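Note that the numbering runs from 1 along the sequence shown for the chain. Since this is a predicted model, take the numbers as computed values, not measurements.
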Amino acid sequence: MTQTSENVTWLTQEAYNKLKDELEYLTGPARTEIAGKIAAAREEGDLRENGGYHAAKEEQGKQELRVRQLTQLLATAKVGEAPAANGAVAPGMVVTIAFDGDEDDTLTFLLASREYASADIETYSPQSPLGTGVIGHKVGEDAEYELPNGKTASVRILKAEPYSG
């Protein structure tokens, strides 16, 4: 789970290890692999019309961007514990809310950084308007957050449990 404050990203030990392993792979075997693809494509001749070469260079650029992102993230990371299951909304929790107190109009989401975004559950950043509005509130409480149009929306916290996925 991740909790971000100004310049620090809080990670569980498991999340830290996972990101560190990804960085080690990208700076080791993945770099060697992409260099091999580029070299093989170069041998095919004219680089201006060589789709394989351009695709490999684009892949290399994406990998290097991810390396920079991970390096920065891990440089500011602090390893901590997962949030307590005390009913208070915190980063690293799966939260269910009801819009305007209407228990038929609900949303369940993971409150975490993009590193945790997956197809399994919608993820909202702790810095998003909804994220900042619900953090610290307990199950049963109402919370408000500002919409992009400047209006205020109200939600009721129905559930807040530590993410286990």
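- In plain terms, the two heavy atoms of Val89 and Ala160 that are nearest each other are CG2-CB, 4.0 Å.
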- Begin with the C-alpha distance, continue with both residues' side-chain angles, and end with the deciding distance and a verdict on side-chain contact (heavy atoms from CB on, under 4.5 Å) for Thr132 and Tyr145. CA-CA 7 Å; Thr132 57; Tyr145 66 99; 5.6 Å; no
- Candidate pair Val155 and Asp142, rule side-chain contact (heavy atoms from CB on, under 4.5 Å), full reasoning: CA-CA 6 Å; Val155 296; Asp142 291 333; over 6 Å; no
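- In this structure, Leu65 is not a member of the same hydrophobic cluster as Leu19, with clusters built from ILVMFWY side-chain heavy atoms closer than 4.5 Å.
- Residues passing the salt bridge (charged side-chain N to carboxylate O under 4.0 Å, His left out) test with Lys151: none are found, sequence neighbours excluded.
- What you find for Glu122 and Thr108 is that their closest heavy atoms are CB-O, 4.4 Å.
- When the options Val94, Ile97, Thr123 are evaluated for a side-chain contact (heavy atoms from CB on, under 4.5 Å) with Phe109, the one that passes is Ile97.
- Environment of CD in Glu64: crowded, with over 12 heavy atoms of neighbouring residues, nucleotides or ligands closer than 6.0 Å.
- Taking each heavy atom of Phe99 and Thr106 in turn, the nearest pair found is CE1-C, 4.3 Å.
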- Under the salt bridge (charged side-chain N to carboxylate O under 4.0 Å, His left out) criterion, do Glu141 and Arg156 qualify, and how do the steps go? CA-CA 6 Å; Glu141 290 183 352; Arg156 173 161 292 138; over 6 Å; no
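- Considering every non-hydrogen atom in both Pro129 and Glu146, the closest pair reads CB-O, 3.3 Å.
- Under the salt bridge (charged side-chain N to carboxylate O under 4.0 Å, His left out) criterion, Glu43 pairs with no residue, sequence neighbours left out.
- The shortest distance between side-chain heavy atoms of Pro91 and Ile135 falls below 4.5 Å.
- Two residues are said to be in side-chain contact when any heavy atoms from C-beta on lie closer than 4.5 Å; Leu70 and Leu26 meet this criterion.
- The side-chain contact (heavy atoms from CB on, under 4.5 Å) search around Lys57 returns Ile38, Tyr53, Gln60, not counting sequence neighbours.
- With hydrogens and angles ignored, the 3.5 Å screen pairs no side-chain donor or acceptor of Asn50 with any backbone N or O of Arg42.
- With values rounded to the nearest 0.5 angstrom, Gln63 atom CD is found 10.0 Å from Thr27 atom OG1.
- Here NZ of Lys37 is found 5.0 Å from CD of Glu33. Values are rounded to the nearest 0.5 Å.
- If you take CG on Leu111 and CG on Leu130, they are separated by 8.0 Å, rounding to the nearest 0.5 Å.
- Between Glu22 and Lys18 there is no salt bridge, since no side-chain N of the basic residue sits under 4.0 Å from a carboxylate O of the acidic one.
- Here the closest heavy-atom approach between residue Pro29 and residue Glu24 is recorded as CD-O, 3.8 Å.
- The backbone N or O of Tyr124 lies less than 3.5 Å from no partner atom in the side chain of Ser128, so there is not a single donor-acceptor pair.
- Residues Ala98 and Leu158 come closest through the heavy atom pair CB-CD1, 3.8 Å.
- We find the NZ-OG1 distance between Lys20 and Thr71 to be 11.0 Å, quoted to the nearest 0.5 Å.
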